[in-house]
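Written below as structure tokens is the structure these notes are about.
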Amino acid sequence: MQAPSPNELDCSKLFTWADTSDGVSMLITEQVRQRILQAAAEAQAKGLFPAIATPEVQVERPSKEEHGDFACSLPLKLARAVRMNPMEIARRLVPMVPLGEEMEKVEAAPPGFLNIFLRESWLQRQVDAIVEAGPAYSNVDAGQGHRVQVEFVSVNPTGPVHVGHTRGAVLGSTLANVLKAAGYQVTREYYINDAGNQMELFYASLYARYLQAVGQDAQLPNGGYQGAYLVDEAKEIVAAHGDRFAKMSREQAIREVGELGLRRMLEVIRQDLAAIGVEFDQWFSEKGLFESSQYQRTVELLRQGGHLAEREGAIWFVSTALGEDKDNVMVRSNGLPTYFASDAAYHYNKFAVRGFDRVINIWGADHQGHVPRLKAVVGALGLEPSRLTVIIAQMVALKRGNERVKASKRKGEIVTLRDLVAEVGPDACRFFFLARSPESQMEFDLELAQKQSQENPVYYVQYAHARIAGILRNAEEQGLDFRRGDVALLRAPEEMALIRKLVLLPELVQSVADTLQPHHLPHYATELATAFHWFYDHCRVITDDPALTSARLKLVEASGVILARSLELMGVSAPQRM
RNA sequence: GUCCCAGUAGCUCAGCGGAUAGAGCGGCUGCCUUCUAAGCAGCGGGCCGGGGGUUCGAAUCCCUCCUGGGACGCCA
């Protein structure tokens with residue numbers, strides 16, 4: 001028998017999950033995989049086919065019902081190495097697979113698949129398990145309590161959050177939800193770029209608007225922020241503080257007005273994000289890295305490691321020595337650090353100071369070129385670069401009908417997150433962004449999004465939840481107690497199809513935590529809703545048959561638990577009525 | 001010029017080594033005396049950008065070309 005590779009052992013650990021009433025059990029997919037592995041080992045031990053290294057055994061969910069609940073192509077993969085007909089391998093494997101109480105049967109199917117069917121009784125019992133466990137049914141233990149930080153949005157506090165940033169916001173908050181469900185200890189963080197040029201420009205712009213607001217002649221600085229929101233900010237500052245800043249030195253006034261403006265801007269950003277359910281555990285100040293001399297320490301570490309070189313009056317990070325295309329300036333010839341330098345310090349802080357096991361950054365596509373050098377500098381600081389994952393969310397192109405909307409904060413042409421939520425609503429907005437994988441560019445037609453809002457798939461999913469709530473309300477009004485309902489009565493095709501969808505959520509949580517691709521959640525939720533609507537239309541729940549009524553009410557409750565949980569993971573509300 | 005991402009139904013997008021390629025929207029046709037019709041059932045719709053390869057098997061992997069977006073600063 002082949003000893004499982006260390007990699008396989010790791011995997012089996014990753015796939016365990018707790019939280020069921022009968023103690024720790026394993027994801028069903030993983031159980032099936034293990035059984036096939038066992039079967040292969042036994043077949044080889046018995047000499048049914050030559051003993052060779054068993055390739056990675058993968059189990060998939062076939063799309064066609066007649067192919068069973070799981071399918072495995074191991075025989076096809078084995079065929080060449082053992083020089084046998086794959087169908088013959090499959091046939092010899094079938095009787096070796098231990099069925100246990102989960103599996104009904106295993107079939108060999110041409111050209112050499114193993115099709116695995118789950119036992120009806122096992123599926124039915126999951127309904128009880130879901131009702132007992134509640135939302136925790138979906139939880140897995142992939143993270144094993146490891147500390148992971150998700151840093152996202154981190155928009156410069158020079159203006160409100162706009163539509164493009166919203167994609168990253170929705171993505172990050174959902175990932176954080178899922179990672180938590182997968183057993184990680186999660187910190188959601190917003191990095192405040194409160195140091196550097198852009199902030200100086202913002203302060204100076206705000207100061208100019210302030211002077212204008214108190215009736216003085218003032219010009220925006222070159223390249224300054226032209227957005228109307230700064231005019232409003234300035235007016236509000238005047239309302240609260242009068243013209244006292246106009247009487248101080250320009251330098252001091254810019255500092256004080258700027259400080260006020262920064263705080264107000266951050267508050268606007270926080271509120272706008274909260275409106276689509278995005279909240280943070282930590283707001284981390286870039287300036288703090290300098291004030292606590294963590295920046296200086298990081299630079300010193302790089303210098304000691306021989307990663308810095310002085311040239312043309314600037315200090316460079318010699319990334320070419322680490323296989324990069326070019327070196328990067330860390331300290332400019334004017335003595336000021338670059339954004340890259342504080343980023344190095346920031347990531348040193350994340351790993352070495354705060355001790356996160358893993359860090360996930362969500363960036364816009366316009367920062368994509370910075371990934372290699374950030375990884376390089378993390379490595380140069382003696383940290384393992386693979387602990388850092390940078391997810392690049394592609395651009396969101398805005399349209400209004402046929403007209404393209406160009407978003408530029410400095411020019412002030414912004415479609416803000418606030419506008420978007422006002423037009424489309426937070427639920428549709430989250431669902432819409434979430435349904436697309438981050439690496440595909442998307443076109444957001446504001447007209448269409450608004451028009452579609454009644455036909456948006458999010459309502460389809462939410463409606464299923466509202467129907468569930470309605471049935472449970474009726475049951476309660478009629479004083480029905482279904483705790484003793486017998487799940488063995490759930491045998492209709494619509495009932496079984498629904499149960500099959502319900503049991504998928506833990507596996508989905510596992511795979512999203514693994515691949516960091518939450519766009520599968522909305523698709524799952526839609527499929528689950530479809531299964532429920534189908535059930536609803538074919539199986540009347542509350543009837544004059546008390547036994548069947550109780551059993552079906554249990555299924556309805558279990559459906560509500562899983563549907564609400566998948567909506568919760570996406571940050572979408574689960575309405576009781578619609 | 002170099003690097004990254006994308007190209008799948010009329011539109012917006014899933015699928016990323018498995019069996020006859022999917023969903024929503026839009027179009028057409030049926031279904032409300034029964035727990036919400038924001039629902040269900042059905043019809044139509046595709047050289048999976050082109051061309052080569054690898055494989056028992058390719059929308060999926062490799063090469064190449066085309067198209068669109070992004071990145072290549074002592075900006076962030």
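For A:E65, the CD atom is loosely surrounded, since the number of other residues' heavy atoms within 6.0 Å does not exceed 12. Within 6.0 Å of the CG atom in A:N334, the count of heavy atoms belonging to other residues, nucleotides or ligands exceeds 12.
Taking the six-membered ring for Trp and thresholds of 30 and 60 degrees, A:H523 and A:H519 have ring planes more than 60 degrees apart, a perpendicular arrangement. Taking the six-membered ring where tryptophan is involved, the planes of A:Y191 and A:Y346 are essentially parallel, since the angle between them stays under 30° and well short of 60°. By the 30° and 60° cut-offs, the orientation of the rings of A:H370 relative to A:H367 is perpendicular.
Across B:A14 and B:C5, the matching P atoms stand 15 Å from one another, rounded to whole Å. Nucleotides B:A9 and B:C3, compared at atom C1', are 33 Å apart to the nearest Å. Across B:A23 and B:G44, the matching P atoms stand 13 Å from one another, rounded to whole Å. Comparing B:G69 with B:G52, their C1' atoms are spaced 27 Å from each other, to the whole Å. Going from the C1' atom of B:C28 to that of B:U34 covers 29 Å, rounded to whole Å. With both ends at atom P, the span from B:G50 to B:U67 equals 15 Å, rounded to whole Å. Nucleotides B:G42 and B:C47 have their C1' atoms positioned 28 Å apart, rounded to a whole Å. Comparing the P positions of B:C16 and B:C72 gives a spacing of 32 Å, expressed to the nearest Å.
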What pairs of nitrogen or oxygen atoms, one from the protein and one from nucleotides 38-40 of chain B, lie under 3.5 Å apart?
residue : atom : partner : partner atom : Å
B:G39   : O2'  : A:R467  : NH1          : 2.8
B:G39   : O2'  : A:D537  : OD2          : 3.1
B:C40   : OP1  : A:Y460  : OH           : 2.5
B:C40   : O4'  : A:D537  : OD2          : 2.5

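Residues satisfying the salt bridge (Lys or Arg N to Asp or Glu O under 4.0 Å) test with A:E200, not counting sequence neighbours, are none. For A:E423, the salt bridge (Lys or Arg N to Asp or Glu O under 4.0 Å) partners two or more places apart in sequence, or in a different chain, are A:R400.
Between A:N328 atom CG and B:A76 atom P there is a gap of 12 Å when expressed in whole angstrom units. Rounded to whole Å, the distance from CG on A:L76 to P on B:G18 is 12 Å. For A:L308 and B:C74, the CG to P distance is 16 Å, given to the nearest whole Å. The separation between A:Q462 atom CD and B:G24 atom P is 17 Å, rounded to whole Å. Taking atom NZ of A:K326 as the reference point, atom P of B:A71 lies 13 Å away to the nearest angstrom. Spacing between atom NZ of A:K77 and atom P of B:A58 amounts to 14 Å, rounded to whole angstrom units. One atom, CG of A:N197, and another, C1' of B:G73, lie 12 Å apart when rounded to the nearest Å. When rounded to the nearest whole Å, the span between CG of A:D69 and C1' of B:A19 equals 16 Å.
Taking 4.0 Å as the cut-off between side-chain N and carboxylate O, A:R473 and A:E477 do not count as a salt-bridged pair.
The residue A:P111 sits apart from the nucleic acid: no heavy atom pair falls under 4.0 Å. Using a 4.0 Å heavy-atom distance criterion, A:A79 is classed as making no nucleic acid contact. Across all strands shown, A:P110 has heavy atoms under 4.0 Å from base atoms, whether or not it also approaches the sugar-phosphate. Here A:Q478 lies out of heavy-atom contact (under 4.0 Å) with every strand. Among the heavy atoms of the strands lying under 4.0 Å from A:A71 is at least one base atom, whether or not backbone atoms are also near.
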*asked:* Applying side-chain hydrogen bond (donor to acceptor under 3.5 Å, both in side chains) to A:E507 and A:T29, what does each step give before you reach the verdict?
replied: CA-CA 8 Å; A:E507 296 178 38; A:T29 307; 2.3 Å; yes
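Listed nucleotides: B:A19, B:U34, B:G70. Nearest to the side chain of A:R540: B:U34. When the nucleotides B:G69, B:A71, B:G24 are ranked by their closest atom to the side chain of A:D366, B:A71 comes out on top.
Sequence order on RNA chain B of the closest nucleotides to A:C539 and A:N456 puts A:N456 first from the 5' end. Residues A:E286 and A:H67 each lie close to RNA chain B; by heavy-atom proximity, the contact nearer the 5' end of the strand is made by A:H67.
Between A:E107 and A:N115, the side chains place no donor N or O within less than 3.5 Å of an acceptor N or O (distance only, hydrogens not considered). Looking only at atom types and distance, the side chain of A:Q198 has no donor-acceptor partner in the side chain of A:N156 under 3.5 Å away.
The side-chain hydrogen bond (donor to acceptor under 3.5 Å, both in side chains) contacts involving residues 549-560 of chain A comprise A:D128-A:K554, A:E495-A:R552, A:T543-A:T549, where partners must be two or more places apart or lie in separate chains.
The nearest pair of heavy atoms linking A:Y460 to A:T530 is OH-OG1, 2.8 Å.
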*Going 5' to 3' through nucleotides 2-15 of chain B, assign each nucleotide B (protein heavy atom under 4.0 Å from a base atom), S (under 4.0 Å only from sugar-phosphate atoms) or - (no protein heavy atom that close).*
--BBS-----SSSS
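Figure legend: A:R373 and A:F317 shown without cation-pi pairing, the cationic atom not lying both under 6.0 angstrom from the six-membered ring centre and within 45 degrees of its axis.
Taking a pair as Watson-Crick or G-U with both hydrogen-bonding distances under 3.5 Å, the stems of three or more pairs touching RNA chain B are B:1-7 with B:66-72, B:10-13 with B:22-25, B:27-31 with B:39-43, B:49-53 with B:61-65.
Here A:H367 does not pack flat against the base of B:A71, since the 5.5 angstrom centre distance and 30 degree tilt limits are not both met.
In this structure, B:C32 shows a glycosidic angle within 90 degrees of zero, which is the syn conformation.
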